[in-house]
K.L.:
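Sharing a structure here in structure tokens format.
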Amino acid sequence: VTAVDRKGTMNQVTVRYFAAAQAAAGMKEELVDLPDGGTVADLLDRVRSRHGEQLSRVLARSSFLLDAAAVRDPLIVAGPRSTLDVLPPFAGG
Amino acid sequence: VRASLQAVPIDTAGLEELVDTPEAGACVSFVGRVRRQDAGRDVVALEYSAHPMAEAEADRIAREVLASSSGVCAIALTHRTGRLAVGEVAVAVAVSAGHRGQAFDACRELVEKVKHELPVWKHQVFADGSDEWVGSA
């Protein structure tokens with residue numbers, strides 16, 4: 001694949017919402033288009049603009065899993081068909 | 001190590017039996033229940049939801065405590081999911097060890113790790129009709 005071919009390619013990424021994030025987003029999961037090479041930070045920007053202030057507040061307190069691995073750096077690339085889990089603060093016990 | 005999440009009421013006595021081994025001179029168990037009041041408001045119901053990986057995480061937590069503690073013989077841990085009434089058991093752990101100090105310490109560490117690391121969420125509904133996702137407000 002050449003650079004020209006890749007330019008403008010959109011990937012579909014699944015975002016799964018849990019608990020307070022699910023309540024704020026009003027859905028369990030959705031597909032979000034992300035330009036090729038887009039990062040978790042880019043993905044969260046798109047999610048914030050789709051949904052309201054309420055979800056933004058939850059996102060600010062959440063941690064994330066990208067394909068079941070903890071996201072330590074939001075500049076990690078979210079590849080095609082990847083899944084991002086939005087995890088609000090745990091509250092077991 | 002036995003770690004699980006369950007949608008049905010927890011049998012706390014059964015949990016203690018699970019960690020009963022001939023090497024264990026001490027067994028310490030902890031039971032966490034749904035409290036009637038939270039921050040001065042009356043709780044009418046509480047619902048726990050869990051991430052699909054929560055049971056695997058419970059197992060990891062229990063194994064980490066077992067590996068990092070001295071003298072611990074066995075660990076059993078279970079957390080409820082779904083809708084619970086006031087007084088129902090939300091979490092229960094049992095730890096057996098050679099001696100009581102080891103069992104107390106490991107039990108405490110286990111409960112704290114469950115609170116901080118288990119991907120489980122609590123939704124509280126109050127008598128006045130309001131509700132809250134604990135820790136997310």
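Please read all numbers here as calculations on a predicted model, not as lab measurements. In what follows, chains are A, B, ... by sequence order, proteins preceding strands, each numbered from 1.
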K.L.:
Any link between Y48(B) and V91(B) through a network of hydrophobic side chains (Ile, Leu, Val, Met, Phe, Trp, Tyr) touching at under 4.5 Å?
P.N.:
yes

K.L.:
Residue by residue, scan residues 97-123 of chain B and write down, ordered by number, those that have a heavy-atom distance under 4.5 Å to chain A; if none do, write 'none'.
P.N.:
K115(B), H116(B), E117(B), L118(B), P119(B), V120(B), W121(B), K122(B)

K.L.:
Does CZ belonging to R83(B) count more than 12 external heavy atoms closer than 6.0 Å?
P.N.:
no

K.L.:
With clusters defined by side-chain heavy atoms of hydrophobic residues (ILVMFWY) lying less than 4.5 Å apart, directly or transitively, does I10(B) cluster with L77(B)?
P.N.:
no

K.L.:
Would L59(A) end up clustered with W133(B) when hydrophobic side chains under 4.5 Å apart are linked, directly or stepwise?
P.N.:
no

K.L.:
Please list, in residue-number order, every residue in residues 56-65 of chain B that has a heavy atom less than 4.5 Å from any heavy atom of chain A; write 'none' if there are none.
P.N.:
none

K.L.:
Do any of residues 66-81 of chain A have a heavy atom less than 4.5 Å from a heavy atom of chain B, and if so, which, in residue order?
P.N.:
A68(A)

K.L.:
Is atom CZ of R2(B) surrounded by more than 12 heavy atoms (other residues, nucleotides or ligands) closer than 6.0 Å?
P.N.:
no

K.L.:
So how far is it from R57(A) CZ to S136(B) OG, rounded to the nearest 0.5 Å?
P.N.:
12.0 Å

K.L.:
Are the side chain of R61(A) and the backbone N or O of G135(B) linked by a donor-acceptor pair below 3.5 Å?
P.N.:
yes

K.L.:
Hydrophobic cluster membership, with links at side-chain heavy-atom distances under 4.5 Å among I/L/V/M/F/W/Y: are L5(B) and V1(B) in one?
P.N.:
yes

K.L.:
Spell out, yes or no, whether V93(B) and V28(B) are grouped together once hydrophobic residues are joined by side-chain heavy atoms under 4.5 Å, including indirect joins.
P.N.:
no

K.L.:
More than 12 heavy atoms of other residues, nucleotides or ligands under 6.0 Å from CZ of R36(B): yes or no?
P.N.:
no

K.L.:
Hey, which residues of residues 85-93 of chain A are touching chain B, say heavy atoms under 4.5 Å apart?
P.N.:
D85(A), L87(A), P88(A), P89(A), F90(A), A91(A), G92(A), G93(A)

K.L.:
Given the options E47(B), R80(B), H51(B), R33(B), which has more heavy-atom pairs under 4.5 Å with chain A than any of the others?
P.N.:
H51(B)

